[in-house]
Amino acid sequence: MCATLQYLELFQSGTVQCAFEEGYLGIQWYDSTTIGTPPIITFVKSVKGGSGYLSREYDVYPNGSLIINNVTLHHERIFSVSVAASEDEPIKDWYIQVKSKVTPVLSFPVIERCEDQPDVCLFVNNQLSSINCFVENVRPTVSLAWYQRISNHDQLLTAWSNVTASQGNTFTSLASLQLARELPLLSVFVCKVEDNKWLFNEDEAVAILEGQDVDPKDNPVKQYFEVNSEMTLSCNEGNVVIWKRSLDVDGQTEVILISINNWKNSVNQTYNQDYRLGSNGSLILHRPKWHHAGLYICLSSDSNAEHIRIYNVLIFKSPNPPHIIIEGCTPPQSCVLEVKQEGNITCSVLGIRPEVELMWKSQYDTNDFSLSGQEVKSNEREGSFDVFLSGNFKFEATFADEITLECLVVGSNADLFHMSTKVKLIPKFEETSDSKRKLPIAVLILTVLALVIIITMAVLLVLFKVLRRKPRKQDGHNAEETAPMINFQNEDTGRFIKEIKTSYEVLYDAVQPIPYIKDRLFCVNRIYVEGGMDMKTLNLNWKPVESHDEILKEVKKSSMYIIEGEPGYGKSTFALQLVYDWCNTRSTSALTKTDILIFLRLRQLKGVPSVYEAIKRFILPKDSKFNVDDIESIISRCSSLFVLLDGYDEYPDQESVDTDIAQILGKNMFQDAVVFLTTRSFCLPKNIAPQAHRLRLTGFNDSARDQYIYKAVAGNDRESAEVIKRKLQQNPVLGDLCQVPLFFVMFAHMTHESEELQTFKSVTSFFRYMISCFHSHSRNKIKDVNIQRKNEELEKRHSELNKVAFEALSGGKQDIQWGSEILQKRLGEDFYDLYNHIGILVEEEVLENVFQSVVHMQYTKKVRFYHKLFCEWYAAHYIATVLSDTNNISNSDKEYEDMNKLLSNMDPFDLQYVYRFACGLNKSASDKIIRYLQKQVKDQRFAALCFLEQVEQTDGIADVIKQMVSKPVKISADDSNLLQRSTLQILEFATKIQVPISCVHLHKSCDQFDKASFVLKSGLMLPKLLTVEKILIEIAQNGREPRTLGKDELRQIFNIGMDSQQLKELSFDGCLLPIPFPVDTIPAHMKSKEVKVTWRRYGYRLNLRSGDWKVDDPSTVSRLCSEMIEIRNEHSYLLQKCTIELLLNASKCNISISDLWLINSFRTTDGVYIILRSKLRLACPSSVEKLWIQEDKNEITETSCLEIMKFVQQSKQIKELVFYKCLVPRSISPESIPTTMTSGNKKVSWNPKQQYYNLNVNSGRWFNQRSEKEMTDEEYADITSR
């Protein structure tokens, strides 16, 4: 019931863990084993006492565990506990040795100069004499040792070691390794913790020593790669592979990645995220850019050889167009130009990199033609070059032929670009005096023609302007077909882009992390952090993406993306970051190539069917000279358009199909544009284009939260950052809420502003505190006491706002925007002004068509909540008030009916916080809501989460959570997002308050294993399960056979599971696992703790040392063997291997195998083994009763038939051998049939196509099972003919 040795963290609260059965009479704890010593604490009949309890030094949990409120060295002693189960039963005593521990800050041994590199550390041998390894401030002491890791073992090295006592009763251990003068190219050294390994997450640190200097100038191999293609550099595969890069020959090298593969570990450490390791040690770079050019060095080493490869990588870009252009030549091929006697000729190549040299070359060597004054010009444009070469030519008067010139690439890059273009010049000399006399007549004719053309163009221009003023009906055709053929970047277009960028700047430069502090605004780029993002392309599965830049790189013309996420997950911030990228032409963003970006907030577009009208009203400034027709004309002429629509869930005209927004989403308008739409996950457009991609924002994980703290709040102030993180750890209830970026941002800034931030027990208490901050911040700025009192009264009187919020959310469209005058009249002027001033309500100016006429366009004020969750907060007040005023009804059906009338339009899957807030606000309302949810949602988990809003005491939370997690907690793929989120919050509660979780069952809900946690298919991420005792991972089958878990996935699963110090079992089901199991994937501390690893599919348990699977549950094996066991040819190699292992284990356990069916998988047999087509060898199971051989298109010879009979005779339980749907010989020699098949009730049968025959082993002939007559030649001929 109590572990005899327990370690507790020094100077923190600690628990001496015991688990006594519930209902015991009493317990007494002693801090001594001396008889007669008084107890330090007693817990008898649920009453606590004793000197230690009264002094608050000790406390006790309901399960009997002893709490030491502040562990000191004084507590390093033997404690004893006496337990009386009842008055009739004898008292039992338990003795526990308590020792103190101090967990090191860094949970791995640290190699000096590599404190921030836990995976692998690289040293270059520049007169390096030693390397040191240490562990600081740890208790109890640990010893360190250095090893050299060779191909198949670790060799202990002689090293100096020392342990010193530090202040604070901790110890520091040091191990120093002296290095030899001459070392191989690459050596792997390992610093290991030799004892008390349980103190560390990783008990070893790896150092690689590069023992030889490598000169990058040593004959590098030149490699060319086109920009944005895929770059692959090969290397020799080895136990150690290092890739480095130098930007120039004399520059310092940087390490790109390190790969280690040996008997113990497999580490791939990437230092530059642009690159990844390919097969056989190759380096892969997707979409290389200009800055990726340079010298690359690969070092590799194994037990047999060392290899060095050096590459000089050059990034090039083919010109566009892909040929040399000669001015005046269209097309460039077979170009003939008539020229004057003298003139200028120019050739060029556009958009090329690297820069090239051009040269004019004459095909003939003649004195009658000369080319002089060649001039080269070069312009750099977005990293590529436009190169021009011009020259002056002259024909002598005596020249009477034509000449061919060639413009070609020469110089150092001519080997890369083999390009040339030829032009034939035909000289046209000046005319004679007779022709000159005809010139005035020609001039007169040309003048008349010119006047006619000018008049015609003027008439057409007038007609065009008249027609342009007429309203045009949107017909869905591509606007480019009717647009005038003029240059896009004209003066009007430039002015239009400048105006919208100026308007956008106001938006992205005014982000308010804390709405009540209005004088602190941020640029979106200053605070934007990439949270979790998953991408789903067409019918493919969700896959994680790293950044929005990665998404934009893959965006193609005319594509559509839906950015979805829950309220507060950063959809609008994501949209503003895209706007910022475009306006500021951020170098890493693909939006720099976009001509025009249109950003519209859809909540503003009520009654505005035209997108051009929306641009005029909501984007352009009030004094803009552009009208709707101008806007349409400019947009129709742009070559690349990006439409960004924010907040479809708040779009008032969702149901209308006649708006431009509906046409854009259906790809009936702006068909060539890229469209991004943000919305909540439960509000996807109905008529969206079927080819739309989906991007799901999944919130902030620990990494994103840390990044935000340092980027936007604390800067380089590490101490302030740690305060914020510590406050979050002290508030376990906020774990899920702070996955929501909006609330984490507010929490981080509020914590930074106030060091006295309290600890919260519920989401409701946190939100209540946050609302109070809005009001207190405003009051603190007011010196007039009367106004302060007035505002305090208004703060409490928000019943009308409650009603407004409820009506908005319970309406069909959830319209949460109101006219300011209407809302002001309803709430009262003073109340409205206060809530608008402090930031809970937000005003916006909107241009509206008041009288349905363009003449009456005017700007009006609209008001909305700062965020929809604030609307949910006040709506919850309304619900809580209504339900608390209603008497409890004994008739449950009547109560449910009344509740349904109130809440029927409040979908808990969409408005979960309304329900949680309402439960937290009022106990009476909470009871009714929970009963309603238990019927409505039909799942206890969300109802339980609502119940926790009423539990304000830690002990109460612990009791509720303990009851919930004492049974297996199942997270199913069929669970709604709400239920999954509720379950995760319950697990996080349990972890934070150190309640053991009996089992977490991932039922087909997880197929992605991040380095830090399990990621559900819904995109949600499991919290760290620090107190879980068992994890069951059940994988969904994808295709015809179970999914295979690879080594990397298994290693991640094990590492995640071992986050829990209480883990006892890790179980797999529904998947295939390696046979034998790779033991190098199993962490050392997992082996030392002897964690049970089971494979439920087959009833196996893993031997952690040997990697063998042993039968742990014979009933599972028996159940599988009672059914048909198949080995099909189409089965994977691993699945066939798993089946053979099952048959072998069944035989070892003497479990009968009813039917074994080889379906088109039989290749041959030697009488001892059957060799499958996969080349696997199948030994005869000694307990198989019936063997089926099915070969649909093959004949089994007499020899094979006899060998198969020899094979099955090895089974002690064989009853029948069946040849199914295959051709066998007409008869079999009876003398050759094994004698064991002729005795007992053993039977050989043949079933060709619904006909059944038995073999007479005495005659070797086939007899019909029904008629018992021998098969005739005619029957056999009929069978063979079919």
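Just so you know, these numbers come straight off a predicted model, no measurement behind them.
For the pair Asp595/Thr493, no side-chain contact is recorded, criterion being any heavy-atom separation below 4.5 Å from C-beta on. No side-chain heavy atom of Leu405 sits less than 4.5 Å from a side-chain heavy atom of Phe393. Using a 4.5 Å heavy-atom threshold, the side chains of Ile596 and Phe496 count as touching. At a threshold of 4.5 Å between non-hydrogen side-chain atoms, the residues Leu644 and Leu578 count as touching. Using a 4.5 Å cut-off on side-chain heavy atoms (C-beta onward), Glu530 and Glu546 make no contact. Side chains of Ser589 and Leu552 form a contact here, defined as non-hydrogen atoms less than 4.5 Å apart. Inter-residue side-chain proximity for Ser301 and Glu306 is flagged as met; some heavy-atom pair is nearer than 4.5 Å. At a threshold of 4.5 Å between non-hydrogen side-chain atoms, the residues Arg495 and Lys625 count as touching.
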Please list every donor-acceptor pair under 3.5 Å in which a side-chain atom of residues 310-320 meets a protein atom from a residue at least two apart or in another chain.
residue: Tyr311; atom: OH; partner: Ser234; partner atom: O; Å: 2.7
residue: Tyr311; atom: OH; partner: Ser234; partner atom: OG; Å: 3.1
residue: Tyr311; atom: OH; partner: Arg309; partner atom: NH1; Å: 3.3
residue: Lys317; atom: NZ; partner: Gly351; partner atom: O; Å: 3.1
residue: Ser318; atom: OG; partner: Glu226; partner atom: OE2; Å: 3.2

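Looking only at distances, a side-chain donor or acceptor of Trp243 sits under 3.5 Å from a matching main-chain atom of Gly281. Of the possible polar contacts, one joining the Gln341 side chain to the Phe395 backbone as a donor-acceptor pair under 3.5 Å is found. Between the side chain of Lys394 and the main chain of Ser372, no donor-acceptor pair closer than 3.5 Å is present. Side chain of Ser640 to backbone of Lys593: a donor-acceptor contact under 3.5 angstrom is found. Judged by distance alone, the side chain of Ser633 and the main-chain N or O of Asp629 form no donor-acceptor pair under 3.5 Å. In terms of modelled atom types and a separation under 3.5 Å, the side chain of Ser503 and the main chain of Ile619 share a donor-acceptor contact. Using a distance-only test at 3.5 Å, with no hydrogens or angles considered, no donor-acceptor pair links the side chain of Glu230 to the main chain of Ile284. For Glu632 (side chain) and Val628 (main-chain N/O), no donor-acceptor pair under 3.5 Å exists by modelled atom type.
Of all the heavy atoms in Glu210 and Leu186, the pair that sits closest is CA-CD2, 4.1 Å. Closest non-hydrogen pair, Gly238 versus Val241, comes out as N-CG2, 3.9 Å. Taking all atoms of both residues into account, the shortest heavy-atom contact from Leu597 to Thr594 is N-CG2, 4.5 Å. Residues Asp660 and Ser610 come closest through the heavy atom pair OD2-CA, 3.2 Å. Closest heavy-atom contact between Lys289 and Val227: CA-CG2, 4.1 Å. Smallest separation of non-hydrogen atoms from Ile664 and Met560: O-CE, 3.3 Å.
Checked against side chain to side chain contact (heavy atoms under 4.5 Å, CB included), Gln663 has the following partners two or more places apart in sequence or in another chain: Asn668, Met669. For Asp509, the salt bridge (Lys or Arg N to Asp or Glu O under 4.0 Å) test picks out no residue, with sequence neighbours left out. In terms of the side chain to side chain contact (heavy atoms under 4.5 Å, CB included) criterion, residue partners of Ser378 (sequence neighbours excluded) are, by chain and number, Glu355, Phe385, Val387. Residues passing the side-chain hydrogen bond (donor to acceptor under 3.5 Å, both in side chains) test with Glu375, sequence neighbours excluded: none. Under the side-chain hydrogen bond (donor to acceptor under 3.5 Å, both in side chains) criterion, Asn280 pairs with no residue, sequence neighbours left out. By the side chain to side chain contact (heavy atoms under 4.5 Å, CB included) test, His307 is found to be paired with Asn236, Ser300, Ala305, residues two or more places apart in sequence or in another chain being considered. Ser624 is linked by a side chain to side chain contact (heavy atoms under 4.5 Å, CB included) to Glu499, Lys616, Leu620, Pro621, Phe626, counting only residues two or more places apart in sequence or in another chain. Taking the ring-ring contact (aromatic ring centres under 6.0 Å, His included) definition, one finds that Tyr504 meets it with nothing, sequence neighbours left out. Under the ring-ring contact (aromatic ring centres under 6.0 Å, His included) criterion, Phe599 pairs with no residue at all, not counting sequence neighbours. Applying the salt bridge (Lys or Arg N to Asp or Glu O under 4.0 Å) test to Asp386 and every residue at least two apart in sequence or in another chain returns Arg381. With sequence neighbours left out, the side-chain hydrogen bond (donor to acceptor under 3.5 Å, both in side chains) criterion links Arg526 to no other residue.
For the residue pair Tyr528/Asp581, the side-chain donor-acceptor check at 3.5 Å is not satisfied.
To the nearest 0.5 Å, atoms CD1 (Ile308) and SG (Cys235) are separated by 10.0 Å. Taken to the nearest 0.5 Å, the NE2 atom of His292 stands 12.5 Å off from the CZ atom of Phe225. Note that the CG atom of Leu358 and the CD1 atom of Ile324 stand 5.5 Å from one another [nearest 0.5 Å]. To the nearest 0.5 Å, atoms NZ (Lys361) and CG (Leu408) are separated by 6.5 Å. Atom-to-atom distance recorded for Ile598:CD1 and Trp582:CH2 is 7.0 Å, nearest 0.5 angstrom. We find the CE-SG distance between Met359 and Cys347 to be 10.5 Å, quoted to the nearest 0.5 Å.
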Open item on the list: Test side chain to side chain contact (heavy atoms under 4.5 Å, CB included) on His548 and Ile563; report intermediate values, then the result.
Closed with: CA-CA 11 Å; His548 71 288; Ile563 300 14; over 6 Å; no
Open item on the list: side chain to side chain contact (heavy atoms under 4.5 Å, CB included), that's the test. Do Phe417 and Ile352 meet it? Break it down for me.
Closed with: CA-CA 10 Å; Phe417 301 105; Ile352 197 170; 3.7 Å; yes
TODO: May I have the step-by-step check of side chain to side chain contact (heavy atoms under 4.5 Å, CB included) for Val611 and Ile635, ending in yes or no?
DONE: CA-CA 11 Å; Val611 70; Ile635 290 178; over 6 Å; no
Open item on the list: With side chain to side chain contact (heavy atoms under 4.5 Å, CB included) as the criterion, how do Asn525 and Gln577 come out once you've worked through the C-alpha distance, each side chain's angles and the decisive distance to 0.1 Å?
Closed with: CA-CA 6 Å; Asn525 193 57; Gln577 182 64 36; 3.0 Å; yes
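Applying the 6.0 Å contact sphere to NZ of Lys377 captures no more than 12 heavy atoms from other residues, nucleotides or ligands. Crowding of Glu327 atom CD: a count of heavy atoms from other residues, nucleotides or ligands under 6.0 Å not exceeding 12. The environment of Lys501 atom NZ is dense: over 12 non-hydrogen atoms of other residues, nucleotides or ligands sit within 6.0 angstrom. Counting heavy atoms of neighbouring residues, nucleotides and ligands inside a 6.0 Å radius, atom CD of Glu380 exceeds 12 of them.
Using a cutoff of 4.0 Å between basic side-chain nitrogens and carboxylate oxygens, Asp549 and Arg586 are scored as salt-bridged.
Between His693 and Tyr561, the angle of the ring planes lies from 30° to 60°, which puts this pair in the tilted group.
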